[in-house]
K.L.:
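Here it is, the structure, as structure tokens.
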Number of protein chains: 2
Amino acid sequence: MSSRKTATIRDVAEAAGVSIATVSKFINRQQSFSASVEEKLRSAIAELGYSQNPAARSMVTGKTTAIGLAVMDIANPHYANVMKGANRVALANDYNLLVVDLEEKGTGVREMLEPLALRTDGLIVSSRIPADVVDWLAGLNKPVVFLGQPERQGVVCVGMDSVEVASLLAGYLVQQGFTRIGYVGYGRAAWNAERLRGLHDVLDAAGVELMEFDAEAPTSEAGEQVAARVLLRPDRPQAVIGCNDLVAIGFMTEARSLGFKIPQDVAVAGIDNIPTSRYVSPSLTTVDVFSEATGETVMTRIISMIGDEASRKLSPPPSLKPLLVVRESAKRQDRIAATEV
Amino acid sequence: MSSRKTATIRDVAEAAGVSIATVSKFINRQQSFSASVEEKLRSAIAELGYSQNPAARSMVTGKTTAIGLAVMDIANPHYANVMKGANRVALANDYNLLVVDLEEKGTGVREMLEPLALRTDGLIVSSRIPADVVDWLAGLNKPVVFLGQPERQGVVCVGMDSVEVASLLAGYLVQQGFTRIGYVGYGRAAWNAERLRGLHDVLDAAGVELMEFDAEAPTSEAGEQVAARVLLRPDRPQAVIGCNDLVAIGFMTEARSLGFKIPQDVAVAGIDNIPTSRYVSPSLTTVDVFSEATGETVMTRIISMIGDEASRKLSPPPSLKPLLVVRESAKRQDRIAATEV
DNA sequence: CTGAAAGCGCTAACAG
DNA sequence: CTGTTAGCGCTTTCAG
């Protein structure tokens, strides 16, 4: 049986025979109390099943104890794991998580973000936000952290350095002896330019040719679609990097059904190290970007920014380093087997 | 440049030369206005960049225009897609989504749900909630919908009928001619018993033996772990059903590294039809539970319950039907001789 | 069509 | 240690 109306602080005060101020202080652990009062308070609260009305509280404090998280695609395992990490530290700090899936949209983003901004103490936003929205966010008077966005002046970012991520993979492929490498990017992503830069840094220095392709979306379906275009040409690349594991996996699947053996006929690598990458055949060589840890880091960061104005503009500690994960999909096996072109 | 303090309804009223009541009615489209007032209001609001304070609003209305969604594991693609669907219809109806990842925990669930309950107009909760928490939720005075939970009296549930899902798969396997089938379940899940019932319904009738196993968790890692136990025994099953695609995929991978060919040596099937199931090798036969549509349905449902007391107890329309997705992993190829490797 | 006034439940000084 | 009081920003009767 639950009471008709939910109990308010006044009900508790009355039941305990104290003032509402006392109840408030008790709930918020702001001071100590005489044993008798404390006991009465405790039982009154239990009796009535009282709990604070967050709206009322936030009206006066101006804080919501909620954080907003906006990601490009909730169903992308990378983002799902970022959320997982973010959720964990939010809960540990008594924050609630408001989530919005941007669904890879480029327009109407501000409209989706605005309600979030109003209801939270801070925002975590993933890449590809139009410049005017970035400005709006900056003028919001709340901490905002960008995810996987190249550093810009005046905005705090968390995530791997895209240049480094790409270089890592390029270095491995060069070391394997590939001399013509394809990159299936996603031009509309904020990190795409940096990825290309990282690739070129290494590949140009090694005298390795880079062929650039673009996927329609950062998804497996798009990876499938692009495969024929990449592979059915005389100068096809010996190795292909997908801009994320999803694209790489789709690409790999379609490549196989086109009759290519992986990695013998064409090597494939991805980025992110989503859980699935271990389970495809061949297992996918990729770069671990520590999605879950990224989520934890970004949430930790924003919570500290909320408490401390001073920390709002500090650069994040360069704690997260990408890690190359060597598996089967990108080994140059033809060096120890048959040699095809 | 943003103003120092965010504008309130009073600022707008003053700037427009009207009362705050008028502003309020204007914002909430509660009536029509004289052209002059309307124009002044419009420009004042734009000028000041005013937007409603949701906390203040909800203080008086008692509504939050937010919905809580609690799932067992955010990183499970099934749940991620449920969230995607839920997010979409929430946004379309001007609701915000509060998310909490239960992380497959069995304890402390109420503590995680309580803040959500206080901040939302309704809750969507996925399975395996302890009975006392269910009671608490029921006494909450807010609509609550359970996800993937067997129907109980007095609670609204959305999701596939687990019995049907399991039967569908069992039927297919029987038709393929398998006579000894294994099921890798997850005993702690709310749906496990119904799955078993669905399996037995069909298998017993067909005189097919069912061997039951239990995974440590509904994850790929657990699927890998259990594989040896299932396969390295004289009476190993000819076909194995994972309680979800994640488990099935892990199982399949480990089975292969144990030297089993799939489906020649052992057939494998999963449940959910997560996106990845198409991309593993061999592609995974599974049952589509329409995760994203489930999310849309459950959100639609709860929003209608919020507006309409009467609909709170109605049974949901049996709209969502599971669909068998036949792929490569569970074909009985030995009947037509294994032609390919 | 417009406005005045009464709170929603709570916290934060300030007194005692 | 405990209580009084003044709002936080907004919606909602109820008058005009």
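Each chain gets a letter, A, B and so on, in the order the sequences are listed, and its residues count up from 1. Every heavy atom of this structure was used, including side-chain atoms; hydrogens, water molecules and symmetry mates were not. Since this is a predicted model, take the numbers as computed values, not measurements.
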K.L.:
Examine the side chains of A:Ser19 and A:Thr22 and answer whether a donor and an acceptor come within less than 3.5 Å of each other.
P.N.:
yes
K.L.:
Here's a test of your reading of the structure: between B:Met59 and B:Lys25, which maps to the more 5' nucleotide of DNA chain D?
P.N.:
B:Met59
K.L.:
So, B:Thr65 and A:Arg119: side-chain donor and acceptor under 3.5 Å apart, yes or no?
P.N.:
yes
K.L.:
Output, in order, the C-alpha distance, side-chain angles, deciding distance and verdict of salt bridge (Lys or Arg N to Asp or Glu O under 4.0 Å) for A:Glu104 and A:Arg188.
P.N.:
CA-CA 10 Å; A:Glu104 297 283 349; A:Arg188 281 186 286 177; over 6 Å; no
K.L.:
To the nearest angstrom, how far is A:Ile9 atom CD1 from C:dC8 atom P?
P.N.:
14 Å
K.L.:
Give me the first and last nucleotide of DNA chain D, going 5' to 3', that has any atom under 4.0 Å from a heavy atom of chain A.
P.N.:
D:dC1 to D:dG9
K.L.:
Between A:Val23 and B:Val60, which residue's closest nucleotide on DNA chain C lies nearer the 5′ terminus?
P.N.:
B:Val60
K.L.:
When you measure from the side chain of B:Thr22, which nucleotide among C:dG3, C:dG9, C:dT11 comes out closest?
P.N.:
C:dG3
K.L.:
Let me see the working for A:Arg110 and A:Asp132 under salt bridge (Lys or Arg N to Asp or Glu O under 4.0 Å), right down to the final yes or no.
P.N.:
CA-CA 9 Å; A:Arg110 173 163 169 182; A:Asp132 62 314; 5.7 Å; no
K.L.:
Hey, does B:Thr8 reach any base, or is it just sugar-phosphate, or nothing, if we go heavy atoms under 4.0 Å?
P.N.:
sugar-phosphate
K.L.:
Nearest whole Å is fine: how far is C:dC8 P from B:Asn53 CG?
P.N.:
18 Å
K.L.:
Within this structure, what is the CD1-to-P distance between A:Ile20 and C:dT11, rounded to whole angstrom?
P.N.:
9 Å
K.L.:
Among C:dT2, C:dA5, C:dT11, which nucleotide has an atom closest to any side-chain atom of A:Asn28?
P.N.:
C:dT11
K.L.:
Checking the side chain of B:Lys40 only, and the main-chain atoms of B:Gly17 only, is there a donor and an acceptor separated by less than 3.5 Å?
P.N.:
no
K.L.:
For a quick check of understanding: with a heavy-atom distance under 4.0 Å over all strands, which category does B:Phe26 fall into, base, sugar-phosphate or nothing?
P.N.:
nothing
K.L.:
Applying salt bridge (charged side-chain N to carboxylate O under 4.0 Å, His left out), can you list everything that pairs with B:Asp121, at least two apart in sequence or on another chain?
P.N.:
none
